[in-house]
Amino acid sequence: MDCLFCKIINGEIPSKKVYEDDQVYAFYDIAPIAPVHFLVIPKQHISGAAAVTAENSAVVAHIFEVIAKITKDMGLDGGFRVITNNGDDAGQTVKHLHFHVIAGKKLGWSSEQGD
Ligand code: AMP
Ligand code: ZN
């Protein structure tokens, strides 16, 4: 399948790893919008938030456990934001479910993404 994030998971495209286990992979975003900006993705290809079902949602719960662990380990005590874009209106450019974790500065809030 021609999916950028599947290629990152299988090592075809290099990335800067933050965390990995049997279900998820986390890596730094190539175009960070904040001092800390990484992505957490399921290893299983799910096209986006709209494709989450009762059958595959366990990995989403696991992703949030992983986000809690990584942000603790990074010492992001001041806070962080988790964003997932779904579909063209939201600006989803990669059709593989991913959660942006952004932090490291005081984040504003707007319909853009909050900076
Ligand atoms: P979205 O716009 O929500 O679909 O997010 C896709 C994200 O993937 C963007 O923030 C991009 O900067 C990021 N991105 C695209 N290609 C790469 C790559 N090769 N390595 C790391 N991040 C990437
Ligand atoms: Zn994929």
Side-chain angles (χ1 to χ4, degrees):
M1 189 191 307
D2 197 27
C3 169
L4 177 69
F5 287 174
C6 283
K7 287 180 181 161
I8 282 180
I9 290 162
N10 71 27
E12 253 180 85
I13 291 174
S15 63
K16 265 182 74 185
K17 177 159 91 174
V18 172
Y19 173 90
E20 180 172 17
D21 65 27
D22 57 329
Q23 296 178 69
V24 315
Y25 187 68
F27 57 106
Y28 285 104
D29 196 291
I30 204 167
I33 60 163
V36 177
H37 184 176
F38 60 90
L39 304 171
V40 187
I41 65 178
K43 287 190 168 175
Q44 173 196 2
H45 181 89
I46 298 171
S47 61
V52 174
T53 64
E55 283 68 44
N56 65 21
S57 63
V59 74
V60 178
H62 183 62
I63 282 171
F64 274 84
E65 289 171 30
V66 165
I67 289 171
K69 178 185 162 30
I70 296 171
T71 52
K72 255 183 215 91
D73 290 351
M74 286 183 170
L76 299 174
D77 305 321
F80 59 89
R81 179 169 294 158
V82 182
I83 298 171
T84 189
N85 295 318
N86 186 87
D88 292 340
D89 280 359
Q92 184 184 8
T93 57
V94 181
K95 306 294 195 253
H96 181 128
L97 179 64
H98 53 282
F99 294 87
H100 297 258
V101 180
I102 60 176
K105 69 173 186 181
K106 202 89 180 164
L107 298 164
W109 185 251
S110 76
S111 63
E112 292 304 310
Q113 47 69 31
D115 67 31

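As the structure lists them, so they are numbered: ligands from 1, and atoms in each ligand from 1. Just so we're clear, the structure is a prediction, and the values are computed from it rather than from any experiment.
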| query | Near ligand 1, which residues have a heavy atom under 4.0 Å away from one of its atoms? | reply | Leu4, Phe5, Ile8, Phe27, Tyr28, Asp29, Ile30, Ala31, Leu39, Asn85, Gly91, Gln92, Thr93, Val94, His98, His100
| Using a cut-off of 2.8 Å, how many protein N, O or S atoms lie below it in distance from the Zn ion (ligand 2)? | 4
| query | Quick one: does Val59's side chain get under 4.5 Å of Leu97's, heavy atoms only? | reply | no
| said: So, taking the atom named CD1 in Ile9 and the one named CD in Glu20, what distance separates them when rounded to the nearest 0.5 Å? | reply: 9.0 Å
| note | Sorted by chain and number, sequence neighbours left out, ring-ring contact (aromatic ring centres under 6.0 Å, His included) with His100 holds for His37, His98
| message | Any heavy-atom pair between the side chains of Tyr19 and Asp73 that's under 4.5 Å? | response | no
| query | From Ile33 CD1 over to Ile83 CD1, what is the distance, rounded to the nearest 0.5 angstrom? | reply | 5.5 Å
| query | Can you tell me how far CD1 of Ile67 sits from NE2 of His62, rounded to the nearest 0.5 angstrom? | reply | 10.5 Å
| Does the gap between the ring centers of Phe5 and Phe27 come in under 6.0 Å? | yes
| query | With Phe64, which residues qualify under ring-ring contact (aromatic ring centres under 6.0 Å, His included), at least two apart? | reply | Phe99
| Qualifying residue for side-chain contact (heavy atoms from CB on, under 4.5 Å) with Leu39, from Val101, Ile8, Val18, Asp29 | Asp29
